[in-house]
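To start, the structure itself, in structure tokens.
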Amino acid sequence: MLDQTRYHHLNQARALAPVFAERAARWDQNREYCWDNIRDLADAGLMGMTIPPRFGGAGASYFEVVQVVEEIARACTLTARVVVEANMGGISAVMAYGTDEQRAYCAPLVLAGDKPAICITEPQAGSAATEMQTTARRVAAGYVLDGCKHWITGGGVSKLYLIFARVLDEDGAEEGITGFLVHHDPATGHDPKGFEVVRRERTMGLCGMPEAELRFADLMVEDRFVLRPPAGFKRGFADLMSAYNSQRVGAGTIAMGVAAGALEHAKRYLAERHQFGRPLQEFQGLQWMLADMDAAVHASRLMLQEAAKTLGPLGFPDMLMAARAKAFASEQAIKVVSDALQMFGARGYGDQEPLERMYRDVRMFTIGGGTAQILKTQVAGALLGIKTPQTRDGYAQTRSAR
Ligand SMILES: CC(C)(COP(=O)(O)OP(=O)(O)OC[C@H]1O[C@@H](n2cnc3c(N)ncnc32)[C@H](O)[C@@H]1OP(=O)(O)O)[C@@H](O)C(=O)NCCC(=O)NCCSC(=O)CCS(=O)O
Ligand SMILES: Cc1cc2nc3c(=O)[nH]c(=O)nc-3n(C[C@H](O)[C@H](O)[C@H](O)COP(=O)(O)OP(=O)(O)OC[C@H]3O[C@@H](n4cnc5c(N)ncnc54)[C@H](O)[C@@H]3O)c2cc1C
């Protein structure tokens, strides 16, 4: 039964991939969100696959999701990002830590096509995410949010927003960090006062996806929309980041899928194109490049699928495995796509082929979702079994806590 479900999703993704490939240039050139694809994804049951069956989903595993993500990323990076955020990250945190009321509220939105937005980064708190300044002040019926987030994927097109904020009690004392759920969809009357989509970035790649700055001014969030991770607000950031490890595996898989797609294009062109009276595929200089590209994709896939399968204590991919796999896959993918473009010569640099778009798209994956440097710092800390604080006084603080 489980296998049938897995192959069902994968088969749906394989059937849709050529359609998505055909449309991919349109979203990029027009900087347009892929609404037509959203309808297809929802109809095919690829939005909210991981949502438990009692809330209408298929209860799919992260391993099933990464298989689907790879198929779609080969065709359209933008659409693959939608699939990741509709099955991992924010929605996983809600399904794991939310109340039944929160799950029942969010599930239908995602199943119908919403890609929730996860709101962590702030202008002064990127890699140093624990330095976020957005606050959630306790009032009688819930919390009042004030602050600013930027580079929020889907800002303005997403309906659900999981906003990370510092929790303050009635006296202003800090209690930790947690996530607050906000429903923003003015077309259906969900237009919370104090929630503003300020502007959209003009990005290098993934041009159909809004990356937005959001501002919150006295934004009221009722108690029923506050996430309460298992060990309380004090451990809220760590527990939410555990859930976020699923999205790191997803993001790494998109990068790997784009690289796998670029490799296929390169194989096609090496057979097609002739120079010196021979097909390019006969030149050993290119054959060795191709073999390295294949090994990079294969190794990335193994690491990502291993990370997706091996779940930590809270049911999410292990932090070390997720960080290692994403850092590796994202760096390898940039090189693979660049080498594939090289094999096309000038043709790869123009927009008759998808390589230039794939190259621009894939560049983000060593930045978004935790930079490669930050992820490697986490990996090193885990390998060495040491805390690796990055602030100047961090080591002194760690020592005094012992
Ligand atoms: C975690 C960092 C922000 C570093 O900050 P700190 O040095 O202040 O914090 P730490 O002491 O390292 O961490 C605090 C606490 O949390 C635990 N933790 C941290 N990360 C994880 C994790 N991934 N999984 C599980 N637990 C985690 C950590 O162990 C600590 O717990 P203990 O006190 O030791 O018990 C920084 O390293 C970092 O991750 N920065 C990157 C921020 C980031 O990833 N932002 C992503 C924004 S969303 C996005 O970009 C979407 C794009 S996409 O397409 O997906
Ligand atoms: C396309 C895209 C989509 C995104 N989507 C989202 C989203 O949906 N939600 C969200 O919350 N955020 C999102 N982000 C933001 C992303 O998470 C941050 O960009 C990322 O965490 C890095 O933060 P920063 O850009 O402020 O870089 P900074 O933290 O300023 O880092 C700048 C450089 O310094 C390096 N650096 C910083 N600290 C260290 C250190 N201690 N050791 C070594 N090197 C270090 C970094 O690796 C980087 O190379 C997105 C970003 C992009 C590009």
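Both counts, for ligands and for their atoms, begin at 1 and track the order of listing. All values below were derived from every heavy atom in this structure, side-chain atoms included, with hydrogens, water molecules and symmetry-related copies excluded. This chain uses plain numbering: 1 for the first residue, then up along the sequence.
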Find all atoms of ligand 1 within a distance of less than 4.0 Å from any non-hydrogen atom belonging to [X], and give their numbers and elements.
X	value
Thr121	47 (C)
Gln247	51 (C), 53 (S), 55 (O)
Ile374	36 (C), 37 (O), 38 (C), 39 (O), 40 (N), 41 (C)
Ser242	24 (N), 25 (C)

Looking only at protein heavy atoms, which one is nearest to [atom], and what is the separation?
atom	value
atom 20 (N) of ligand 1	Gln378 NE2, 3.3 Å
atom 43 (C) of ligand 1	Arg248 NH2, 3.7 Å
atom 33 (O) of ligand 1	Arg235 NH1, 3.5 Å
atom 5 (O) of ligand 1	Thr130 OG1, 3.4 Å
atom 54 (O) of ligand 1	Arg81 NH2, 2.9 Å
atom 39 (C) of ligand 2	Ile374 CD1, 3.9 Å
atom 51 (C) of ligand 2	Gly368 CA, 3.8 Å
atom 26 (N) of ligand 1	Ala238 O, 3.6 Å
atom 14 (N) of ligand 2	Trp151 O, 3.4 Å
atom 20 (C) of ligand 2	Ile367 O, 3.6 Å
atom 4 (C) of ligand 1	Ser127 O, 4.4 Å
atom 35 (C) of ligand 2	Gln373 OE1, 4.7 Å
atom 10 (P) of ligand 1	Lys387 NZ, 3.9 Å
atom 5 (N) of ligand 2	Thr153 OG1, 2.8 Å

Would you call [X] and [Y] a salt bridge, taking side-chain N to carboxylate O under 4.0 Å as the test?
X	Y	value
Arg138	Asp223	yes
Arg228	Asp239	no
Glu264	Arg268	no
Arg347	Glu272	no
Lys335	Glu331	no
Arg81	Glu211	yes

Quiz item: Heavy-atom distance under 4.5 Å between the side chains of Lys115 and Tyr33, does that happen here?
Solution: yes

Quiz prompt | Validation row: Asp36, Trp27 side chains within 4.5 angstrom (heavy atoms) | solution = yes

Any idea which part of [X] is under 4.0 Å from ligand 2, heavy-atom wise: side chain, backbone, both or neither?
X	value
Thr121	both
Glu211	side chain
Arg81	side chain

Quiz item: Do Ser92 and Tyr62 get their side chains close enough for a donor-acceptor pair, meaning under 3.5 Å?
Solution: yes

Does [atom] have any protein heavy atom closer than 4.0 Å?
atom	answer
atom 32 (C) of ligand 2	no
atom 7 (C) of ligand 2	yes
atom 47 (O) of ligand 2	yes
atom 25 (O) of ligand 2	no
atom 3 (C) of ligand 2	yes

Quiz item: For Lys234, what residues pass the salt bridge (Lys or Arg N to Asp or Glu O under 4.0 Å) criterion, not counting sequence neighbours?
Solution: none

Quiz item: Considering Ser158, Ser127, Gly126, which one's heavy-atom position lies nearest to atom 28 (P) of ligand 2?
Solution: Ser127

Quiz prompt | Close N or O approach (Gly369, ligand 1; < 3.5 Å) | solution = yes

Quiz item: For ligand 2, which atoms sit closer than 4.0 Å to a heavy atom of Gly369?
Solution: 17 (O)

Would [X] count as a polar contact of ligand 2, with the cut-off being nitrogen or oxygen pairs under 3.5 Å?
X	value
Ile118	yes
Thr371	yes
Gln390	yes

Exercise. Could you pull out the closest heavy-atom pair between Leu375 and Gly369, with the gap in Å?
Key: CD2-O, 4.3 Å

Quiz item: Is it the case that more than 12 heavy atoms not belonging to Gln124 sit under 6.0 Å from its CD atom?
Solution: no

